[in-house]
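Worksheet: the structure to be examined is printed underneath.
Chain identifiers are assigned alphabetically (A, B, ...) following the order of the sequence lines, protein sequences preceding nucleic acid strands; residue numbering begins at 1 within each chain.
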Amino acid sequence: MSTTVRQMIVETAHRVFRDACDMETVAQAAKGTWPKTLWQALAGNGFTTLDDDGLTWEDALALLQVAGYYAVPVPLAESILASRLLTAAGLSIPEGVLTVGVTPASKPQVEHTASGTRLSGRWTQVAWARQADHVVFLAFDGDQPVITCVDQSSIQVTSGTNLAGEPRDTVVLEGALTGDVGGLPSPWSQDSVRSFAALTRVMLSAGALERILDMTLQYAGERKQFGRPIGKFQAVQAQIAEMAIEVAAVRAIANLALAATEASNDTASSTEGAALGRAEWTIALGKVRLAQAIHVSTTHAHQVHGAMGFTEEYPMHHLTRRLWAWRQEFGNDTAWAPSVVTELREHGVWRAVTGV
Amino acid sequence: MSRFTFESIRLPDTAEDLRQDVRRFLADEQAKGGFVPVVDSWLSGFNPDFSEKLGRMGWIGMVWPEKYGGHARSTLERYVVMEELLAAGAPVGAHWVADRQMGPMILRHGTEAQKERFLPDMAKGVSYWAIGMSEPNAGSDLSAAQAKLTPDGAGWRLSGQKLWSSGAHRCQYMIALCRSGPAGDDRHGGLTNVIIDLRDPAVTIRPIYLISGEHHFNEVIFNDVYISEDMVIGEPGDGWHQVTEELAHERSGPERFLSTMPLFEALVQVTQHSEDRYLQRELAALASELAALRQLSLSIAGILEQGGNPVVEAALVKDAGTRFERKVTEVAERVLQLGTNGEGGVGVSDEIAANSGIAAAETLLAQAILHGPGFTIRGGTNEILRGIVARGLGLR
């Protein structure tokens with residue numbers, strides 16, 4: 001809640017990530033090594049789950065910007081989101097590595113049987129499902145969206161990866177035994193969950209964009225051509241300036257979404273629906289704005305780096321590939337556009353943007 | 001990580017209440033035919049009656065001290081009034097420069113006598129001012145200014161020329177950046193700002209017509225104009241510092257991304273029922289860009305409120321903002337079909353053409369297209385602005 005506390009968390013996070021998540025760790029993870037030390041460092045600092053006395057959802061979102069900056073190769077966003085969903089549904093948070101299945105194919109159902117609650121369905125894009133101790137699923141009890149947590153031993157995983165090579169698995173359950181089931185609290189809907197998931201991608205991307213700007217600046221200052229650093233050429237300066245503008249714009253939208261999310265949690269229940277709607281709208285704006293920023297920034301970053309930038313040896317690809325993947329995950333700009341436009345049509349552009 | 005200062009700003013309740021007052025005022029004015037929204041209203045909407053009404057509402061010179069006719073409001077309250085006026089396409093051109101730049105410059109660097117003499121009329125919305133920065137051989141490179149001040153007794157004589165002075169033919173005064181001495185090694189010395197009474201017979205104002213046929217720009221020629229001592233702003237030779245500070249105000253305001261706002265609103269209105277996903281993507285992209293720009297511009301208002309001088313941040317917002325204004329025009333141009341006057345045509349689906357607002361949308365589009373080249377040039381070209389951002393990034 002307090003800006004100072006959040007600032008402290010962000011500063012600590014930079015220190016933890018700098019030590020435990022260097023580019024070598026990221027490169028090894030990309031080859032399939034689970035970065036156990038990194039996960040332990042994050043968990044040990046209380047970064048992986050929300051906590052009544054510690055990390056709030058908004059703190060966690062701010063933390064994800066730092067995680068994005070270091071191209072974190074573990075399901076940190078998913079673990080935080082899982083813990084957000086569990087808490088909201090009144091369920092307890094289990095120990096170990098958590099991930100979420102919030103992209104269900106069709107409408108997965110829970111069934112209450114004599115032998116316990118059983119869950120059937122198929123979820124795609126489950127990050128690091130193969131590595132998780134527990135997976136938190138979005139499912140349905142009849143028409144009611146519910147949250148439930150399943151132990152690793154009960155799930156079947158088909159491995160897949162995104163553009164960045166990050167594990168994005170498919171999970172199929174057929175009458176798997178599950179623990180407690182909790183309903184989504186009012187006024188949350190399935191769309192709210194999709195929004196929150198998208199918000200994690202906005203935050204991660206905001207951090208990754210900062211990093212590629214930093215790397216590009218550094219490279220432009222060191223790499224010499226025609227007798228001087230390429231950063232001295234006006235054409236290169238213009239490209240990097242444009243990147244800086246995109247980074248600033250994304251950060252502005254990320255902050256807006258963060259503030260709106262915070263407001264939706266603070267508001268009294270009578271107006272909660274409106275505040276939540278506002279938060280979801282700003283997240284949609286964020287996902288849409290991100291698409292342009294990623295397009296411009298990754299294009300310019302690779303252009304400034306020349307051929308070096310797209311070799312496996314040079315670590316920038318861990319960030320640019322993640323950006324290309326995150327841009328698509330939980331809905332790309334075309335997918336989110338109707339949510340944005342509905343509001344514009346209903347209230348007019350200016351009233352929608354000012355929120356009053 | 002963060003290279004620039006862009007703190008998040010939450011507008012105080014007083015500012016949001018004020019916003020509702022401004023909206024009511026604008027709705028009333030529009031309903032009784034007081035104005036028709038136009039694109040680029042801070043340049044082309046020259047309406048002395050409207051300016052005077054705003055003056056009576058206390059919405060000009062808002063942050064200035066009350067003893068100079070101001071209203072001692074906060075920068076953020078002023079910001080809200082500015083953005084509401086611009087978003088509505090209201091005709092604010094007459095007093096805009098006085099309120100945004102020339103008043104603040106006199107307030108910061110002028111003498112007590114200058115403040116007492118000039119600020120109250122500005123705040124009433126009856127005193128109009130022109131900018132005198134550019135010259136034929138000094139576009140965005142202000143250090144190349146040549147308009148020459150020669151000492152004459154206690155005052156000066158001014159000879160030379162200013163170019164691109166918007167509205168000078170309708171303004172009473174200009175503040176001009178002039179050369180009073182050698183530039184020095186850093187090229188920033190020897191420049192002095194002086195107030196010129198444009199009604200002086202030794203001043204010749206010649207129109208420069210825009211490609212739209214409109215007359216906003218002027219060539220202003222100084223034929224040995226006498227500048228009394230009390231019309232000099234600050235100390236002779238301090239001009240560079242004064243204008244660069246002023247440019248942060250000129251560049252960061254909401255007018256740098258809201259010029260085409262009436263067109264954007266109209267475009268959303270006339271495409272109200274379109275199912276086209278790509279059109280929706282374009283509109284959503286514009287809205288998301290607008291929201292980001294507004295946050296950035298607001299945080300600059302916050303920096304200014306705290307007395308900071310956000311030169312680099314302002315350059316960044318102006319570059320992105322003016323490119324956004326162009327994008328609105330481009331999207332509208334791809335969606336609408338000019339010249340059909342609501343009759344439809346190639347590229348306009350029936351459901352869009354049938355919309356009653358299409359004629360107004362087309363008018364706004366025509367204004368936006370013809371004004372478009374100016375967006376990315378006035379107040380410093382985007383190339384210059386990117387140079388400033390690059391310097392802020394340590395690249396030069």
For atom [atom1] of [X], is the number of surrounding heavy atoms from other residues, nucleotides or ligands below 6.0 Å larger than 12?
X: B:Q20; atom1: CD; answer: yes
X: A:Q303; atom1: CD; answer: no
X: A:H295; atom1: NE2; answer: no

Report the distance from atom [atom1] of [X] to atom [atom2] of [Y], rounding to the nearest 0.5 Å.
X: B:L296; Y: A:N255; atom1: CG; atom2: CG; result: 9.5 Å
X: A:R289; Y: B:E289; atom1: CZ; atom2: CD; result: 4.5 Å
X: B:R391; Y: A:Q237; atom1: CZ; atom2: CD; result: 8.5 Å
X: A:L258; Y: B:S8; atom1: CG; atom2: OG; result: 8.0 Å
X: B:L395; Y: A:I240; atom1: CG; atom2: CD1; result: 5.0 Å

Please give me the minimum heavy-atom distance between [X] and [Y], naming the atom from each residue.
X: B:A292; Y: A:A252; answer: O-CB, 3.9 Å
X: B:V389; Y: A:A244; answer: CG1-CB, 4.4 Å
X: A:I245; Y: B:A320; answer: CG2-CB, 3.4 Å
X: A:W350; Y: B:E265; answer: N-OE2, 2.8 Å
X: B:Q280; Y: A:R345; answer: NE2-NH1, 3.8 Å
X: B:A287; Y: A:V353; answer: O-CG2, 4.4 Å

[X] versus chain B, heavy atoms under 4.5 Å apart: side chain, backbone, both or neither?
X: A:Q292; answer: side chain
X: A:L213; answer: side chain
X: A:L256; answer: side chain

Can you check whether [X] reaches [Y] side chain to side chain, under 4.5 Å on heavy atoms?
X: A:P338; Y: B:R277; result: yes
X: A:Q234; Y: B:R396; result: yes
X: A:V356; Y: B:R19; result: yes

Pick one of side chain, backbone, both or neither for [X], based on which atoms fall under 4.5 Å of a heavy atom in chain A.
X: B:D319; result: side chain
X: B:E16; result: side chain
X: B:L258; result: side chain
X: B:R23; result: side chain

>> If we check side chain to side chain contact (heavy atoms under 4.5 Å, CB included) with A:L344, which of these qualifies: B:L286, B:T271, B:V268?
In response: B:V268
>> Please identify, among A:L290, A:L285, A:T342, the residue contributing the most non-hydrogen atom pairs under 4.5 Å to chain B.
In response: A:L285
>> Looking only at heavy atoms and a cut-off of under 4.5 Å, which of A:G348, A:S339, A:A248 has the most pairs with chain B?
In response: A:A248
> Does B:R281 reach the main-chain N or O of A:A337 with its side chain, forming a donor-acceptor pair under 3.5 Å?
Replying inline: no
> After noting the C-alpha distance and the side-chain angles of A:V340 and B:L283, does the key distance pass the side chain to side chain contact (heavy atoms under 4.5 Å, CB included) rule?
Replying inline: CA-CA 8 Å; A:V340 172; B:L283 296 178; over 6 Å; no
> Going through the distances and angles, do B:R294 and A:T354 end up as a side chain to side chain contact (heavy atoms under 4.5 Å, CB included)?
Replying inline: CA-CA 9 Å; B:R294 177 170 182 259; A:T354 53; 3.8 Å; yes
>> Tell me which of these, B:L290, B:I388, B:L385, has more heavy-atom pairs under 4.5 Å with chain A than the rest.
In response: B:L290
>> Counting heavy-atom pairs closer than 4.5 Å to chain A, which one of B:R10, B:E83, B:M261 comes out on top?
In response: B:E83
>> Regarding A:E242 and B:R323, does a basic nitrogen lie under 4.0 Å from an acidic carboxylate oxygen?
In response: yes
